Amino acid sequence: MSDSAKPVDALTEAEAADELALLAVEIAEHDRRYYAEDAPIVSDAEYDALRQRNAAIEARFPELIRENSPSKSVGTAPTGTFGPVVHARPMLSLDNVFSDEEVTDFVGSVRRFLSLPADRELVFTAEPKIDGLSMSLRYEKGRLVTAATRGDGTTGENVTANIRTIKEIPQTLSGNVPDVVEVRGEIYMRRDDFLELVKRMAGSGQTFANPRNSAAGSLRQKNPEVTRSRPLKFFAYAWGEVSEPLAATQYDSVQRFKDWGFPVNELMVRCHSLDEMIAQYRKIEAQRATLPYDIDGVVYKVDRLDLQERLGFRSRSPRWATAHKFPAEKATTVLKAIDIQVGRTGAMTPVARLEPVTVGGVVVVNATLHNEDYIRGIGNSGQPIRDGRDIRVGDTVIVQRAGDVIPQILDIIPEKRPADSTPYVFPDRCPVCDSHAVREEGEAVRRCTGGLICPAQAMERIRHFVSRNALDIEGLGEKQIEFFFNQPDPSLRIRSPADIFTLAERQRNSLTKLENIDGFGAVSVRKLYAAIDARRRVAFWRFLHALGIRHIGETNSKRLARHFHSFDALRRTAELAEPPDGRGDAGNPEWQELVGVGGIGAIVAEAVVDFFDEEHNRQAVDDLLAAGVTPLDEEVAAAISSPVAGKTVVFTGSLERMSRDEAKAMAERLGAKVAGSVSRKTDLVVAGPGAGSKLKQATDLGIEVIDEDQWFVRVGQG
DNA sequence: GTGCCTCGAGTTCT
DNA sequence: CTCGAGGCAC
């Protein structure tokens with residue numbers, strides 16, 4: 001491998017061709033070691049970097065893409081450890097409630113939505129909420145084909161090999177089973193099995209905090225034999241895609257899972273009234289300690305599936321179900337100090353430093369204190385907290401993990417307050433840059449006014465710029481950003497987003513080489529440059545999001561990108577737009593266009609206009625463009641990164657979800673070539689019902705054949 | 001004007 | 001995950 005990796009932009013065509021040839025051989029060799037010998041000699045991260053480098057060079061020199069290019073075997077490569085699986089139906093989470101009143105509200109809102117009067121019966125199921133990991137098991141013609149974790153709800157991880165080692169999960173289903181069925185449920189570990197595992201693994205150096213974490217860790221093993229040795233169990237309680245309805249009700253659907261051989265929870269019951277639901281909750285709560293597995297609440301679901309369908313979904317959860325959670329575990333500890341963190345917008349957030357304490361199996365040392373008012377004990381959003389008691393350094397405090405994740409301070413114990421304690425005074429100056437910190441009328445946060453003068457804000461801005469939903473540059477974590485930010489040598493310094501993209505260029509002419517500095521080797525430097533180069537061409541919405549304009553996060557960036565198509569168009573409109581003057585006019589046409597974008601109102605639009613009004617913002621954007629960053633229209637960006645880019649696709653048979661023209665346009669938009677007939681050059685055949693000779697030819701040539709639904713899944717629109 | 005619902009920006013720990 | 005706040009339908 002070449003040690004002196006040049007930035008991709010600096011490669012000549014001949015050098016690029018040479019490197020592509022080398023990379024093809026190198027990656028093929030790693031693939032062979034990984035798959036055939038199960039003995040890789042590079043880490044996954046190093047392997048990924050090679051593939052990224054290959055992709056970056058190919059993006060710049062598409063005419064050099066080799067017949068044996070590694071990018072043509074994307075489907076088989078390990079991405080991270082487990083491959084991605086796009087769920088045929090998203091795996092949503094459940095809304096949470098904590099009190100009887102909220103359960104009443106939930107039932108009321110279901111009735112209201114269905115226009116169901118109070119005297120008409122409405123049946124719910126109630127079952128314990130298992131504290132484990134949700135899992136989607138896809139069976140086709142009765143055979144287990146894929147097991148996937150929830151992931152972000154849309155895309156999960158493929159853990160099929162590990163799931164196959166779990167005895168409780170059937171490999172094949174017998175009896176009356178739909179052609180396609182995705183059985184969903186919870187993987188968990190029993191408490192007694194967990195304790196035995198802890199005993200068995202004592203001295204192995206591995207730690208097991210609780211059954212849930214152990215189940216998660218056991219599932220993410222690279223070697224399925226390790227998973228096999230772990231006592232994992234399963235309960236089925238839901239489903240994703242099904243080729244035919246399972247039953248008329250939730251309850252009966254789960255009974256079918258039982259018939260097929262899945263374990264189902266025996267504590268699930270039907271409730272015919274609100275009172276019965278709450279009674280069932282109390283009953284399960286009372287049994288909690290004696291159950292062999294951990295649970296964290298009770299789940300209620302509307303029983304009739306036709307009603308579930310009418311109720312439908314909100315963005316992240318169904319309207320027909322909710323989880324009634326048990327109160328979170330609490331602990332007391334001492335507040336040692338209150339520190340102030342400064343975010344990228346200047347927001348000053350107080351953080352509690354605590355005497356270490358175990359809450360819910362995890363040691364907590366930090367907790368957010370939200371804002372000034374929270375410390376002073378002023379209730380916000382109508383939630384009276386602590387009866388007006390303030391929080392002071394030295395106080396003994398009650399800590400819980402909200403949603404069992406984020407630690408928060410609920411209250412203090414007044415009797416234990418030291419006699420000499422004084423109220424906490426929230427600073428009116430930034431602890432980092434000493435600028436004034438002001439609180440806007442009606443806002444809860446106090447902000448540092450230092451802007452980019454403030455190192456904390458400048459660094460946080462870069463951190464946001466490279467973060468996963470923005471430019472997504474790997475290898476620039478908090479530590480690295482701080483390092484580059486504080487470099488005295490100009491050839492090593494990163495103080496603005498544009499500096500990231502000029503780093504390699506500045507380094508080339510410098511004697512202070514990054515690779516000679518402790519912590520950076522030649523390999524990691526090469527990987528960093530490759531990661532940066534790979535993002536010079538970036539989707540417009542990511543670029544927009546990365547700029548950090550107020551109110552412009554991921555969703556609003558996508559909305560604006562979809563409307564304007566190019567960054568130039570948005571910028572031109574924003575620079576010309578004039579908001580209404582407040583005396584009856586409605587703003588000029590450019591303003592009208594901005595607020596006409598769905599989901600963008602006056603306040604968000606004004607934030608965009610204000611951003612481009614600022615000279616230093618325009619300069620920062622120009623610097624980025626000058627440094628070679630190119631925001632791409634959505635469709636062009638999709639074509640570069642799509643899984644079918646550069647492939648030759650043939651559609652055959654009758655298509656049901658789209659016309660042939662539509663299919664062709666879609667494939668081309670995603671960077672694929674569409675051919676009329678199958679030949680050795682064909683990479684993929686999409687076959688509908690009635691496919692004939694082309695299908696046979698494809699099978700003869702060993703070309704991959706998928707159906708229309710799989711095509712949609714493949715291109716991420718499943 | 002009110003009351004959803006969604007979004008952005010903040011947060012922890014493994 | 002939680003909070004505050006913006007957008008929009010009523």
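Keep in mind it's a predicted model, so treat the numbers as computed, not measured. The sequence lines fix the lettering, A, B, ..., with proteins before strands; numbering per chain opens at 1.
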Let me know the distance between [atom1] of [X] and [atom2] of [N], rounded to the nearest Å.
X	N	atom1	atom2	value
A:Asp105	B:dC4	CG	C1'	13 Å
A:Leu410	C:dT2	CG	C1'	13 Å
A:Leu311	B:dC4	CG	P	16 Å
A:Gln408	C:dC1	CD	P	13 Å
A:Asn556	C:dG7	CG	C1'	10 Å
A:Asn371	B:dG8	CG	C1'	16 Å
A:His370	B:dG8	NE2	P	21 Å
A:Arg446	C:dC3	CZ	P	22 Å

Going 5' to 3' through nucleotides 9-14 of chain B and flagging B where a protein heavy-atom sits under 4.0 Å of the base, S where only the sugar-phosphate is that close, and - otherwise, we get SSBBS-

Assign A:Arg559 to base, sugar-phosphate, or nothing according to its heavy-atom contacts below 4.0 angstrom with the strands shown.
sugar-phosphate

Contact class for A:Ala602 vs. all strands (heavy atom < 4.0 Å): base, sugar-phosphate, or nothing?
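Sugar-phosphate contact only.
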
Does A:Glu575, at its CD atom, have more than 12 non-hydrogen atoms belonging to other residues, nucleotides or ligands within less than 6.0 Å?
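More than 12 heavy atoms, drawn from other residues, nucleotides or ligands, come within 6.0 Å of this atom.
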
Exceeds 12 heavy-atom contacts within 6.0 angstrom, atom CD1 of A:Ile453
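Result for CD1/A:Ile453: open.
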
Hey, are A:Asp390 and A:Arg376 close enough for a salt bridge, meaning a charged N less than 4.0 Å from a carboxylate O?
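Judged by the 4.0 Å cut-off on N to carboxylate O distance, A:Asp390 and A:Arg376 do not form a salt bridge.
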
Applying the side-chain hydrogen bond (donor to acceptor under 3.5 Å, both in side chains) test to A:Ser136, which of A:Arg89, A:Arg184, A:Arg150 qualifies?
A:Arg184

Compare every heavy atom of A:Thr333 with every heavy atom of A:Val399, then report the nearest pair and how far apart it is.
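Looking at all heavy atoms of both residues, the closest pair is CG2-CG2, 3.9 Å.
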
Does a side chain donor of either A:Glu593 or A:His563 reach within less than 3.5 Å of an acceptor in the other side chain?
yes

So A:Phe540 and A:Phe567, would you call those rings parallel, tilted or perpendicular, with 30° and 60° as cut-offs?
perpendicular

Please work out whether the ring planes of A:His545 and A:Trp541 are parallel, tilted or perpendicular, with thresholds of 30° and 60°.
parallel

Nucleotide N/O of nucleotides 8-10 of chain C paired with protein N/O under 3.5 Å:
residue, atom, partner, partner atom, Å
C:dC8, OP1, A:Gly599, N, 2.7

Are any side-chain N or O atoms of A:Asn371 and backbone N or O atoms of A:Asp373, one a donor and one an acceptor, separated by less than 3.5 Å?
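Checking the backbone N and O of A:Asp373 against the side chain of A:Asn371, a donor-acceptor pair under 3.5 Å is found.
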
